[in-house]
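If you read the sequence from its start, that first residue is 1, and numbering goes on from there.
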Amino acid sequence: MTFANPILLAVGLAVAAALAFAAAAATRRRARALASAGVATADGRRVRLAGVWFTIAGIAVLAVATAGPAATVPVSHASGTVIIAIDVSGSMAATDVAPSRLSAAKKVAQAFINAQPPSVDIGVVAFEQGGLEAAVPTADHAAALASIGRLSAGGGTSLGSAILAALSAITHRPVSLGPNGSVPSIGFWPSATIVLFSDGQDGGDSGASGGSTSADTTTAATVAQKAGVHVDTVGVGTVAGTTVDVEGYHLFTGLDEATLKTISQSTGGTYHPASNASELDGIASSINLRLTVMNQPLPLAGAFIAFALALLVAGAVLTVARTGRVV
């Protein structure tokens, strides 16, 4: 048990102790006086004094209450982790989705974050080639919103690296493919979900093309699947596509839904077009919240006050019953 104001506790108990000492001293003096007068003390005297002791006990308990007592108790708490992975490659500067693919992704991602309950920790991973963790998972959703607001387009894309970076944020340790691209074991994280915003253009394998998922991306998705982590993908852009300037080159880029669908389906997730933001509501309901035990303070002042009042009332009733006087 802890006390918010231990000084008040010490003062209150000191007052109660002083009253108890005074009552005991008065009782001894009365007993000596009656004995010297040859008057035998009756057993009823103890009953008469019971009201005094109940009152003093009530004062002592009230002193404890004023000190702000609290106990730490374990409480079950449902929580989950969501990693928002946003593609910031050069192709996300395309304007086939107004005002740009990246701006649209940021808007939808921020709306998704605002819809999440406080029990969900949210992290942000902005990925180009190599992946970059921008914000670790936290219950402070404002930090995730701010991280997304600072993102800008530029660089290449590696969807496999994005998934591995998101898994690193979930497990709080680096996650990478093993020798010869083998799948590492990172434990089981069913309470975590990755929401990946991208146009599906995968630069993780030079041999990958539209509708063909790179080997690294397939292996990274397998890592997530074995860890129980769903990857929900959000396609940003249009299938018709457009051209975009990347480091002085005019490149054609279109939405590769096939790649994004392959990632989501292989991990038990779902593919969502960014144009249909209402579909994103289903992502939150698919998150498997885990039960964790957290220690939380339990204020006890109310219970002590109730106990003190009961003692004071008992003391008053006994005093009135034996003496016929209130004071």
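With Ser147 contributing its side chain and Val124 its backbone, the two residues share no donor-acceptor pair below 3.5 Å. A side-chain donor-acceptor contact under 3.5 Å links Thr238 to the backbone of Gly241. No donor-acceptor pair closer than 3.5 Å links the side chain of Lys226 to the backbone N or O of Ser185.
With no hydrogens or angles considered, no side-chain donor-acceptor pair links Thr262 and Thr259 at under 3.5 Å. A side-chain N or O of Ser89 and one of Asp87 form a donor-acceptor pair less than 3.5 Å apart. Arg101 and Thr253 share a donor-acceptor pair across their side chains, judged by distance under 3.5 Å alone.
At a threshold of 4.5 Å between non-hydrogen side-chain atoms, the residues Ile170 and Pro137 do not count as touching. Proximity of Phe112 to Val82: side-chain heavy atoms (C-beta onward) are separated by under 4.5 Å at one or more points. At least one side-chain heavy atom of Arg173 sits less than 4.5 Å from a side-chain heavy atom of Ile186. When side chains are defined from C-beta on, Val64 counts as touching Leu9, because their heavy atoms get closer than 4.5 Å.
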Would you sort out whether Leu196 and Asp232 count as a side chain to side chain contact (heavy atoms under 4.5 Å, CB included), showing the intermediate values? CA-CA 6 Å; Leu196 188 152; Asp232 285 276; over 6 Å; no
Side chain to side chain contact (heavy atoms under 4.5 Å, CB included) between Thr81 and Thr193, intermediate numbers included: CA-CA 6 Å; Thr81 299; Thr193 296; over 6 Å; no
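Smallest separation of non-hydrogen atoms from Ala169 and Ile83: CB-CD1, 3.8 Å. Listed here is the closest heavy atom pair of Ala139 and Pro118: CB-O, 4.1 Å. Gln110 and Leu145 get closest at one heavy-atom pair: NE2-O, 3.3 Å. When all heavy atoms are compared, the tightest approach of Pro184 to Val223 is CD-CG2, 3.6 Å. Across all non-hydrogen atoms, the minimal contact from Ser91 to Asp199 is OG-OD2, 2.6 Å.
A side chain to side chain contact (heavy atoms under 4.5 Å, CB included) with Met92 holds for exactly one of Val244, Val97, Leu102; it is Leu102. Each of Glu257, Lys261, Gln265 was checked for a side chain to side chain donor-acceptor pair (under 3.5 Å) with Tyr271, and the lone residue meeting it is Glu257.
Surrounding CZ of Phe307 are at most 12 heavy atoms belonging to other residues, nucleotides or ligands under 6.0 Å away.
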